[in-house]
Structures are given as C-alpha cells and as structure tokens.
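Working notes, beginning with the structure itself.
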Amino acid sequence: MPELPEVETIRRGLKAVQGRRIESAEFGLPRLILGSTAGELTRKLQGRRIEAILRRGKYLVLELDTDTLVVHLGMTGQLTHAPANAKEDVRFIRTVTGLQKALGVHPVDKHTHAVLHLDDGSRVQFRDPRTFGKIIFIKGHAWEKNPRIQILGEEPLDLKIEPFLKKNFPARSRRPVKALLLDQSFLAGVGNIYADEALFASGLHPKTLVTLLQPAERIRLLTAVKTVLRKGIRYQGTTFSDYRKPDGSNGDNFERLMVYGRGGKPCRSCGTTLQKIIVAQRGTVFCLQCQPPRGGKKRAILKTVDKPRRPSHN
DNA sequence: AATTCGCCCTGTCGGC
DNA sequence: TGCCGACAGGGCGAAT
C-alpha cells in the first residue's frame, strides 16, 4: 500500500519525465478515471508537456502545461517509467509460465491500465491489480481546490509540532489513536504501515483513546510519525507485495520495519511475541510490552518493570 | 457531530 | 490436486 514514503520515492524516481511531452496515451479501465472519460482523456493529453511532478499526501500530481493529472495508487498501484524500446517487464508478471519464460514472450499484462507514451520513446505505465487506484483529470492547475485534495490535513514532514498541537490536534476525540493516524484529514500520507510503526516508536498502544494522550505523548507521537516517514523515504519505501520504484525495483524498508507485517514474530526491541489485532478495521501489529494498554494491564506491567533489578556481578 | 461499517477488487494462502 | 473461504486495505458513502 503506497503511503507517503512510497509516493515520494516514486515522485523522485520520475524526475526524468519532467519536461517531456506526451505523444499519446492509452487507458484500459475506464472506472479508474475521474473527471473525464477515457476517450476524452486520450485526446486531452495528446501533445501535453509534463511541467512538474509533485506530491500531496498519498497523491502524485502531474502538472501539465495546461491541465493536471492526479494519481492515487490505492493499495496495489504501481507507476513505472520504462525506457525507450523496453519490453514488458517480466518482474511485474507473476503468472508467466515455464514455456513463456523459455520463449521470452509473455501475455499482455492485464493489470496495466494506463500508458503515457513520451516524446523520447519512454513510457509511464500505471499498473494496479486490485484496481483501488484513481487517475483524476483536473482542468487547469487549481488541483489543490479539488475536494479530495482539499480535505487533506497537513504534510507530516512540513508541520511544526508545537503550533500543530495547539491548532490541529483533536484533544477530545474518543477515537483510538491509530484511527486518528489513518485519518487523511488529520495528517496526509500516513497509512497502515507507518501508523503501526509510529505507534511502536512512540510506545503507544494502538487502541489508546486520543483524549487520554498526555501532552508529552502527543509530542512523542508526532515526532515518531516524522521519524518513521523519513526512514521510509531514506530506504525508498516498503515493498510488502506490490510496491515498486519507477525502475521496477523493490524498496528496502520492509526488512527494517519494527512491527508491520511481523505479527507472531519477536519484538526487535524486547523479544516479546508481537500481537496482531484489528483496530479501525485494519490489521494492527504491536508489542504488548513496549506499547502497554491503558488501565488494567498497565499496572501489572509497571509493577513488573518497577521491581528492583538484581545487580549483575560479571 | 463524531465515529463506525460496508463495499469495491483480485491475488495469495491455508485448510480440507 | 483442486476447490473455497479468508484475508489484505484506502477511501468513500451510508448507517449508527
């Protein structure tokens, strides 16, 4: 699931298409397109120049000379940039049979739903097996006024923590803190992976009610969000299943995750078996020891921690 | 008003 | 071996 670090990595990886002109465009699955029909979009994009590639939350924004394309990758969306004359990339095709592999030919990939052919012979391809992605056509450059963009909260990496806590933090909300992190109108770009990682990094149980967070915990939480997102970008995103960089290669962050995707495995910090529960309708992995819940069980855990340690003589 | 739920979709995996 | 249900989940609109 491409979240802020994955989309940012893709944005950076697509730098080479800036300034290129779109010679032609193809669209395969009309329901992924908003703001235009597939046929009209093909016509509208012909001859357009890609001026800039931006990111807002999990949205990738392609500013053209006259209009704007906004892309959301949903859960399994991939945006790749294939060099001139490149064949279909076998790395994207999981169903290649032995014979096809031997012959070096593959069926046309049924999951590639959009292709932009550029004036240098390269192409940008949008592939999305689960089709939760969206391609939004916006006339002109006022894409920030689009309802889907307008409702987004602040960019986590830009925000100043103290003013944000005063102005934007729903201190009386009774949602679990994980639900808040997933809310794109609170912070734009945090998804299931980085929400779990941020909660682990700040030592908060995912079900903790927002209203119960102490000021110091709020600061810890926001600091952790920034930290885990920056780490995700540094390692070029988390490849769990479908995410790829624009060159088709994997991100390096998965093996560096502390909790996401590690349910039942030992905590990398304390060795306790990581729990998997459902919070806000999402699979959620956390460490009961490092992220103790409020109330009943907390007391028992504190008691254990507070036990005087036997001095070691070695 | 705030929060939760159901739905969209398809590849993968475990169980029988 | 093959069938089938469960699961993965971002975001939107409906329900509570």
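Order of the sequence lines fixes the chain letters, A, B, ..., with proteins taken first and strands second; residue numbering starts at 1 for each chain.
- Between A:Asn146 atom CG and C:dC12 atom P there is a gap of 10 Å when expressed in whole angstrom units.
- At a cut-off of 3.5 angstrom, the base of B:dA2 holds no donor-acceptor pair with the side chain of A:Arg175.
- Donor-acceptor pairing under 3.5 Å is recorded for the side chains of A:Asn253 and A:Thr238.
- In this structure, A:Phe186 places its CZ atom 18 Å from C1' of C:dG10, rounding to the nearest Å.
- Taking 4.5 Å as the limit, every side-chain heavy atom of A:Ile138 sits out of range of all side-chain heavy atoms of A:Leu69.
- If you take CG of A:Asp242 and C1' of B:dG11, they are 8 Å apart, rounded to a whole angstrom.
- Distances shorter than 4.0 Å separate none of the side-chain N or O atoms of A:Tyr194 from OP1 or OP2 on C:dG10.
- Backbone-only contact: A:Lys58 has heavy atoms under 4.0 Å from sugar-phosphate atoms and none from a base.
- Side-chain contact between A:Ile33 and A:Phe27: present, with at least one pair of heavy atoms (C-beta onward) separated by less than 4.5 Å.
- Surrounding CZ of A:Arg174 are at most 12 heavy atoms belonging to other residues, nucleotides or ligands under 6.0 Å away.
- Residue A:Arg148 has a polar side-chain atom (N or O) positioned under 4.0 Å from OP1 or OP2 of C:dC12.
- Backbone-only contact: A:Met1 has heavy atoms under 4.0 Å from sugar-phosphate atoms and none from a base.
- Proximity of A:Gln184 to the phosphate of C:dG10: no side-chain N or O atom is located under 4.0 Å from OP1 or OP2.
- Among the heavy atoms of the strands, none lies under 4.0 Å from A:Gly133.
- Within the 4.0 Å cut-off from OP1 or OP2 of B:dC8, not a single side-chain nitrogen or oxygen of A:Thr131 is found.
- At least one donor-acceptor pair closer than 3.5 Å links the side chain of A:Thr9 to the backbone N or O of A:Pro5.
- Applying the 4.0 Å criterion to OP1 and OP2 of C:dG10, one finds that A:Arg282 has a side-chain N or O inside that range.
- Atoms CD1 (A:Ile193) and C1' (C:dG10) sit 12 Å apart, rounded to a whole Å.
- As judged by a 4.0 angstrom heavy-atom cut-off over every strand, A:Arg31 is placed among residues touching the sugar-phosphate backbone only.
- Using a 4.0 Å heavy-atom criterion, one finds that A:Thr76 contacts no nucleic acid atom at all.
- In this structure, the CD atom of A:Gln281 is 16 Å from the P atom of C:dC12, given to the nearest Å.
- A:Gln275 places no side-chain N or O within 3.5 Å of a backbone atom of A:Gly263 that could act as its donor or acceptor partner.
- Atoms CZ (A:Phe240) and P (B:dC13) sit 11 Å apart, rounded to a whole Å.
- In this model, the phosphate group of B:dT10 is not approached by any side-chain N or O of A:Lys110 to a distance below 4.0 Å at OP1 or OP2.
- A:His111 has no side-chain polar atom (N or O) that falls below the 4.0 Å cut-off from OP1 or OP2 of B:dC9.
- Which of B:dC9, C:dG10, B:dT4 sits closest to the side chain of A:Glu3 comes down to C:dG10.
- C:dG11 has no base stacking with the ring of A:Phe132 when judged by centroids under 5.5 angstrom apart and an interplanar angle below 30°.
- Rounded to whole Å, the distance from CD1 on A:Ile136 to P on C:dC12 is 8 Å.
- Rounded to an integer number of Å, the gap from NZ of A:Lys178 to C1' of B:dT3 is 17 Å.
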